[in-house]
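Predicted model only: the values in this text are computed from it and were never measured. Protein chains get the first letters and strands the later ones, always in sequence-line order, with residue 1 at the start of each.
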2 protein chains.
Amino acid sequence: MSKAPPPKPTDSELEILHVLWQHGPATVRAINDHLSQRRQAEVGYTTTLKILQLMLEKGLVRRDDADRSHVYRAAVREQETQGLLLDKFVDATFGGSALKLVMQALGSRQTSADELAQIRRLLNDIEIQNSTPNPNDDDRA
Amino acid sequence: MSKAPPPKPTDSELEILHVLWQHGPATVRAINDHLSQRRQAEVGYTTTLKILQLMLEKGLVRRDDADRSHVYRAAVREQETQGLLLDKFVDATFGGSALKLVMQALGSRQTSADELAQIRRLLNDIEIQNSTPNPNDDDRA
DNA sequence: TTGCAACTACGAAGCGTTTCGTAATATCTT
DNA sequence: AAGATATTACGAAACGCTTCGTAGTTGCAA
């Protein structure tokens, strides 16, 4: 039995996670300042506080309440969270086909030569990995 | 002044759009049957009806109410809708970087050799297009 | 023609998310 | 010490989405 994994963050929660991923642990005040800057309008302080409290219950963040101003930090990793959200999105929007998603992302969009080169490099890596399987794969958990 | 474009469909609405895109115009009964088959549980008939009525108001579908059983059809194109949703998703989850999205989609996922080849072909097309711009681009709508 | 079955329209409840007001508490300043 | 300021906790309102019950209507069959 393992503990329930953190649920999919909502849009607001994701926005806060971005701040925490980018700037590291922060107080409600600091997070709220970042959010207000990102958006058009000012964000209510207690709104940010409330969301953080809910995120704490959900296990999306942890907090250090040693000081009066509690310090929050992300409890989920950026890549894992993005991967989770991506899975749901691919299922809902592209019927589970990651290929369609990639085609759409690259096709109907301005992509720089540099970015294309990066993708090519990634494709090469993947194909090498596929054609020369690691004989020690059995050891992996 | 142009009419307001159809808004971003919700999850349920998107599910219905998938049915319409795949099978063409259909009655509420037919759509509801498809949905019930897709999901675990049975979907209430009036639930599907209600969502379709809301979609009609939003301009996501049109309907032919000549017969007693109204026939609904998609009023938005699949690619455009997916593109719209993709844009929002990239902004919210990957900070607007389509590259990060593609890397994540290809990186942490099992992708077949055939799919990789298709992506390579697409990359080639894009690069050709970038290096030899069509002088008649102005003619395009 | 009468009654049953299917369909549409509509209202409302339930739920999660977001937002904010208010009260209680702690810290700082003078 | 007293008052001002910042912070936390909590409740609730507002909103959108989803679901369903019910009423009214239409068509079909016996």
Side-chain angles (χ1 to χ4, degrees), chain A residues 4 6-19 25-36 38-73 81 84-85 88-89 92-93, chain B residues 4 6-19 25-36 38-73 81 84-85 88-89 92-93:
Chain A
K8 183 166 85 80
T10 68
D11 284 349
S12 292
E13 290 167 351
L14 186 57
E15 218 180 334
I16 287 179
L17 284 175
H18 274 129
V19 172
T27 63
V28 179
R29 175 64 58 194
I31 295 168
N32 187 64
D33 287 350
H34 279 294
L35 292 183
S36 296
R38 255 179 200 261
R39 299 198 200 173
Q40 307 264 18
E42 188 81 1
V43 182
Y45 177 87
T46 56
T47 301
T48 302
L49 172 64
K50 180 69 163 187
I51 294 177
L52 279 165
Q53 287 169 344
L54 293 175
M55 290 175 77
L56 182 64
E57 284 182 10
K58 295 183 184 178
L60 290 171
V61 296
R62 300 196 205 291
R63 79 172 169 192
D64 175 1
D65 52 3
D67 289 344
R68 177 153 134 78
S69 292
H70 300 173
V71 175
Y72 290 83
R73 63 187 175 87
T81 303
L84 181 72
L85 292 169
K88 305 263 188 190
F89 179 74
T93 306
Chain B
K8 184 165 83 80
T10 67
D11 284 348
S12 291
E13 290 167 351
L14 186 59
E15 217 179 334
I16 288 179
L17 284 175
H18 274 130
V19 172
T27 62
V28 179
R29 175 64 57 195
I31 294 168
N32 188 64
D33 287 349
H34 279 293
L35 291 184
S36 296
R38 255 180 200 262
R39 299 198 199 175
Q40 307 264 16
E42 189 79 3
V43 181
Y45 178 87
T46 56
T47 300
T48 303
L49 172 64
K50 181 70 163 187
I51 294 178
L52 279 165
Q53 288 170 344
L54 293 175
M55 291 175 78
L56 182 64
E57 285 181 9
K58 294 184 186 177
L60 291 171
V61 296
R62 300 195 204 291
R63 79 173 170 193
D64 175 2
D65 51 4
D67 290 344
R68 179 152 132 76
S69 291
H70 302 173
V71 175
Y72 290 85
R73 65 187 174 84
T81 304
L84 180 73
L85 292 169
K88 306 263 188 189
F89 180 73
T93 305

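The minimum heavy-atom distance between B:Y72 and B:I31, with the atom names listed, is CB-CD1, 4.4 Å.
At least one side-chain heavy atom of A:L17 sits under 4.5 Å from a side-chain heavy atom of A:M55. Using a 4.5 Å cut-off on side-chain heavy atoms (C-beta onward), A:E15 and A:V19 make no contact. Inter-residue side-chain proximity for A:S36 and A:N32 is flagged as met; some heavy-atom pair is nearer than 4.5 Å. For the pair A:L14/A:L85, a side-chain contact is recorded, criterion being any heavy-atom separation below 4.5 Å from C-beta on. Looking at heavy atoms from C-beta onward, A:K58 lies in side-chain contact with A:T10 at the 4.5 angstrom threshold.
Protein atom CD of B:E13 is 14 Å distant from nucleotide atom C1' of D:dT19, rounded to whole Å. For B:L54 and C:dC10, the CG to P distance is 12 Å, given to the nearest whole Å. The interatomic distance linking B:D11 (CG) with C:dC15 (P) rounds to 19 Å, in whole Å. Taking atom CG of B:L49 as the reference point, atom P of C:dA6 lies 15 Å away to the nearest angstrom. Distance A:L52 CG to C:dT17 P: 15 Å, rounded to the nearest Å. Counting to the nearest Å, the C1' atom of C:dT17 and the CE atom of A:M55 are 13 Å from each other. One atom, CG of B:N32, and another, P of D:dT18, lie 15 Å apart when rounded to the nearest Å. The CG-C1' distance, from A:L56 to D:dC10, rounds to 15 Å in whole Å.
Minimum atom distance to the side chain of A:I51 is reached by C:dT19, of the listed D:dT7, D:dC17, C:dT19.
A close approach under 4.0 Å does not occur between any side-chain nitrogen or oxygen of A:K8 and OP1 or OP2 of C:dG16. The side chain of A:Q53 places no N or O atom within less than 4.0 Å of a non-bridging phosphate oxygen (OP1 or OP2) of D:dC10. The side chain of B:R29 places an N or O atom within less than 4.0 Å of a non-bridging phosphate oxygen (OP1 or OP2) of C:dC7. Residue A:R63 places none of its side-chain N or O atoms closer than 4.0 Å to OP1 or OP2 of D:dT7.
In this structure, CZ in A:R63 is found 9.5 Å from CG in A:L52, a value given to the nearest 0.5 Å.
Within a 6.0 Å sphere centred on CG of A:D11, heavy atoms belonging to other residues, nucleotides or ligands number 12 at most.
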- [ ] Give the B/S/- string for nucleotides 20-30 of chain C, one per nucleotide from 5' to 3', where a protein heavy atom under 4.0 Å of the base yields B, of only the sugar-phosphate yields S, and otherwise -.
- [x] BBB--BBS---

- [ ] Test A:K50 against A:T46 for side-chain contact (heavy atoms from CB on, under 4.5 Å), laying out the working first.
- [x] CA-CA 6 Å; A:K50 180 69 163 187; A:T46 56; 6.0 Å; no

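In this structure, the helix from C:dT1-D:dA30 to C:dT30-D:dA1 shows an angle of 10° between the axis at its start and the axis at its end, each fitted on 5 base pairs and rounded to 10°.
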